[in-house]
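Each remark here refers to the structure printed beneath this line.
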Protein chains: 2
Amino acid sequence: MRAIARVTLQSIADRLGVSRMTVSNAFSRPDQLSDALRGRILAEAESLGYLGPDPSARSLATGATGAVGVLWATELRQALSDEVSARFLGAVADELAPSGLALTLLPTRAEGTVVLARDVAMDGAIAFSCDPRLPALDWLQRRNLPLVYVDMTAPRGQVSITIDDRGGARAAAQHLVDLGHRKVALVTPGFGPDAGPTPGPLPEAARQLRVIAERHAGWMEALMAAGVEPTLVNQPKHVADAGEGARLLFASSDRPTAALCLTDVIAQAVLAAAADAGLRVPEDLAVVGFDDHPLALRTRPTLTTVRQDVDAKGRAAARALLRLIAGRADASLSRPRNRCLPVQLQVRGSTQAGFSRTE
Amino acid sequence: MRAIARVTLQSIADRLGVSRMTVSNAFSRPDQLSDALRGRILAEAESLGYLGPDPSARSLATGATGAVGVLWATELRQALSDEVSARFLGAVADELAPSGLALTLLPTRAEGTVVLARDVAMDGAIAFSCDPRLPALDWLQRRNLPLVYVDMTAPRGQVSITIDDRGGARAAAQHLVDLGHRKVALVTPGFGPDAGPTPGPLPEAARQLRVIAERHAGWMEALMAAGVEPTLVNQPKHVADAGEGARLLFASSDRPTAALCLTDVIAQAVLAAAADAGLRVPEDLAVVGFDDHPLALRTRPTLTTVRQDVDAKGRAAARALLRLIAGRADASLSRPRNRCLPVQLQVRGSTQAGFSRTE
DNA sequence: GTAAATATCTTTACCGGTACAGAAACCCGT
DNA sequence: ACGGGTTTCTGTACCGGTAAAGATATTTAC
């Protein structure tokens, strides 16, 4: 449904009496022709309303598409914070943009994901904290695309960018132990609806999600070493449920004195529930989050949490992917290495009296 | 740098002694050939490791790319909440996925955006709450792509999806007026660093951002009608600054009794600052946000705010874009209409005592 | 039993570019 | 003046598909 015949390289070439290749070079390889001619070509193109080479045609000819995909776990989005995801995406996109690559979202929640993963043109992809058993992930692998796994345990030989979830969680739990807590609740999705007061091992489904599995493992390591058995486990399916779950938690006769939360967003819900139950934080209940989400500073008391640098994670993932893509063309480049970014415990008001008001 | 010669439609055709077109149809138009032959073709393709038609080649031939772009205002991301952006993107992506379209992010913060907007293949685009003077937006228009403007005032003849920012803001301000407040602060980015205690008209830069301009206009309409002149204006550049700014606000001798905040995220920072200053909310200070961000329920007291349905907005935008794209092929389709989604004031604890604990 | 409709596959003609290997003209030092 | 290196442009050969119309069977309708 184009009103007029499309302007192509050839049509410009014809009007100027030069070869099509020369016009192509005027746009893509300015050093291949004289400035004078290039100027005439660009002027003619402008007057004809030509906008530059057609992206699809160029992709076909060059083999590069100008975009990389992100397999995005929208289910986990409910457990992790959207803000963290958005920040990550922003960091990746920013790091990619100078090289002219855009970021294509392949949300896993939608029905069409397999089709997307199979049919959308891309030069590489990032799998961001999604279930490793996802069919769409299979397709990306079969397409033999450069692939970076973020917050996931990568298959052998694949590149992963992770953070030290386990170490951070261990530090968080150890912090509570050091404060003398012996009745500690774990507030995390990943256990089934039948999760009892004392948690068993993580069910298979949760074990697949590295973020949950590792943080859980870290907590358990520190607690077990101290002889503390987590007394209660609460399994919010959505963040919205976390508050409701926390209320149940506090109603228990054997109320915990501290809560380890999978994320800051969940911790915030626990704080709100504690306030509603008339519990003082940190005196009656200590609360620890994870991520150092911006909101950890906006709660009152401020939230003790484990800081991760989402921005750095995004940039590292983008750089690793760029390296992989470059490696396709130049086999002499070394493969990017797996990276595990450090995290750091941030002690604030929700576990230490006196921290409430100040940073 | 492919290890072996690429498997193409032709190579499959050759091995089976059929025409290339038939193989193409086996993948793209199953009704064009017998099931028996199709089965043999697919089996052969499978054994050769063929993954389906090459996306770039297909785009070139069909003129469709399978992706739409989103011009994403990463600057505004700091003022609006990331969570709201992420939710919006998720809704758009979900609505698009069944039709096989992926979502390509074109972040405006990055340097390469113009290149992206010009060179990335897409079938259409959504401009999401970004500065209308953006060069990248020009390119999208010049490419003559189907384009939907979200939270922006669309140029004549273009499609826009907005919410009733002005009406919502008016209702929020009226609510405060009705409660008897006469000293009202506006907490919003958009004024320069020299913004005085009494705000003048919005500067040009802010006027371009529809969300800021409209909400501001709505506030002023209600306040002026009631003879209330906003006493103080505070201009956080980032959300992180909002708390700091609010502290200055409260230090003033002529402390306001209520604060109208551009977003819930900013309101949350104001709440935290109020707590630090020893002010009781809502008794000493009433606070109103905007968006009905999930966190509005997680603050204590819960936050009075103006609810918008971000999910509906995303879906509406996606549907409008799909209509525009379909209209390219079938001129008989009517153009999607501009839509302005309703909003609703949600009164909670931050303006009304007694609402603190309950929803 | 025969003409028209249907199913199945093939032919032809693109889609709009880029890579790479020349070819022609030009420049330079000696 | 002459061989060799540049610069600047052109020719050829793809990149990997799809659309639309044509060519044969094979049915169906009556």
Side-chain angles (χ1 to χ4, degrees), chain A residues 1-2 4-14 16-41 45 48-66 100 118-123 143 328-329, chain B residues 1-2 4-14 16-42 44-45 48-66 100 118-123 143 328-329:
Chain A
M1 188 64 243
R2 296 193 178 87
I4 27 177
R6 179 162 186 135
V7 187
T8 121
L9 281 186
Q10 186 68 65
S11 61
I12 300 176
D14 290 347
L16 262 56
V18 299
S19 87
R20 179 175 38 156
M21 200 59 233
T22 300
V23 182
S24 170
N25 283 334
F27 287 95
S28 307
R29 299 164 75 167
D31 58 318
Q32 295 295 301
L33 72 174
S34 67
D35 287 348
L37 179 54
R38 175 154 193 262
R40 282 170 51 214
I41 292 177
L48 259 52
Y50 183 73
L51 298 172
D54 179 88
S56 296
R58 175 186 279 206
S59 310
L60 177 58
T62 61
T65 68
R118 195 184 48 200
D119 291 347
V120 173
M122 31 189 170
D123 296 333
R143 281 176 68 174
R328 289 272 156 131
Chain B
M1 194 64 263
R2 296 191 177 87
I4 28 177
R6 179 159 187 140
V7 186
T8 124
L9 282 185
Q10 186 70 64
S11 61
I12 299 175
D14 291 347
L16 262 55
V18 299
S19 85
R20 178 175 37 154
M21 198 60 228
T22 300
V23 181
S24 170
N25 284 333
F27 287 95
S28 308
R29 299 164 73 169
D31 58 318
Q32 295 294 302
L33 73 174
S34 67
D35 286 348
L37 179 53
R38 175 155 193 261
R40 282 169 52 213
I41 291 177
L42 294 185
E44 186 67 21
L48 260 54
Y50 183 73
L51 299 173
D54 179 88
S56 296
R58 174 186 281 209
S59 309
L60 178 57
T62 61
T65 68
R118 197 184 47 200
D119 291 346
V120 173
M122 32 189 169
D123 296 333
R143 280 177 68 175
R328 289 271 158 133

Checklist entry - Counting just side-chain N and O atoms, does Tyr50(A) come under 4.0 Å of either OP1 or OP2 of dG17(C)? => result yes

Next on the checklist: Measuring to OP1 and OP2 of dG17(C), would you say a side-chain N or O of Thr8(A) lies under 4.0 angstrom away?
Outcome noted: yes

Send over the distance from [X] [atom1] to [N] [atom2], rounded to a whole Å.
{"X": "Leu60(A)", "N": "dG16(C)", "atom1": "CG", "atom2": "C1'", "value": "9 Å"}
{"X": "Asp119(A)", "N": "dG17(D)", "atom1": "CG", "atom2": "P", "value": "11 Å"}
{"X": "Asp54(A)", "N": "dG16(C)", "atom1": "CG", "atom2": "C1'", "value": "6 Å"}
{"X": "Leu9(B)", "N": "dA19(D)", "atom1": "CG", "atom2": "C1'", "value": "14 Å"}
{"X": "Phe27(B)", "N": "dA19(D)", "atom1": "CZ", "atom2": "P", "value": "15 Å"}
{"X": "Arg58(B)", "N": "dG16(C)", "atom1": "CZ", "atom2": "P", "value": "18 Å"}
{"X": "Leu51(B)", "N": "dG16(D)", "atom1": "CG", "atom2": "P", "value": "13 Å"}
{"X": "Ile12(B)", "N": "dG16(D)", "atom1": "CD1", "atom2": "C1'", "value": "12 Å"}

Checklist entry - If you take all heavy atoms of Gly66(B) and Asp123(B), which pair is closest and at what distance? => result N-OD2, 3.0 Å

Next on the checklist: Restricting to non-hydrogen atoms, name the atom on Arg143(B) and the atom on Arg118(B) that form the minimum distance, rounded to 0.1 Å.
Outcome noted: NH1-O, 3.4 Å

Checklist entry - With sugar-phosphate meaning primed atoms plus P, OP1 and OP2, does Ser28(A) contact a base, only sugar-phosphate, or nothing at under 4.0 Å between heavy atoms? => result sugar-phosphate

Checklist entry - For Ser56(B), what residues pass the side chain to side chain donor-acceptor pair (under 3.5 Å) criterion, not counting sequence neighbours? => result none

Next on the checklist: Holding to side chain to side chain donor-acceptor pair (under 3.5 Å), I want the full list of residues that pass it with Ser11(B), two or more places apart in sequence or in another chain.
Outcome noted: none

Listing time: all N or O pairs from protein to nucleotides 6-13 of chain D that are below 3.5 Å?
| residue | atom | partner | partner atom | Å |
| --- | --- | --- | --- | --- |
| dC9(D) | OP1 | Ser34(A) | OG | 3.4 |
| dC9(D) | OP2 | Ser34(A) | N | 2.6 |
| dC9(D) | OP2 | Ser34(A) | OG | 3.2 |
| dT10(D) | OP2 | Ser19(A) | N | 3.0 |
| dT10(D) | OP2 | Ser19(A) | OG | 3.4 |
| dT10(D) | OP2 | Thr22(A) | OG1 | 2.6 |

Next on the checklist: Tell me every residue that passes side-chain contact (heavy atoms from CB on, under 4.5 Å) with Val23(B), counting only those two or more places apart in sequence or in another chain.
Outcome noted: Leu9(B), Ile12(B), Ala13(B), Val18(B), Phe27(B), Ile41(B)

Checklist entry - Partners of Asp54(A) by salt bridge (Lys or Arg N to Asp or Glu O under 4.0 Å), sequence neighbours excluded? => result Arg6(A)

Result block: side-chain N/O donor-acceptor pairs under 3.5 angstrom for residues 29-39 of chain B, not counting sequence neighbours:
| residue | atom | partner | partner atom | Å |
| --- | --- | --- | --- | --- |
| Ser34(B) | OG | Leu37(B) | N | 3.3 |
| Arg38(B) | NE | Ala26(B) | O | 2.7 |
| Arg38(B) | NH2 | Ala26(B) | O | 3.3 |

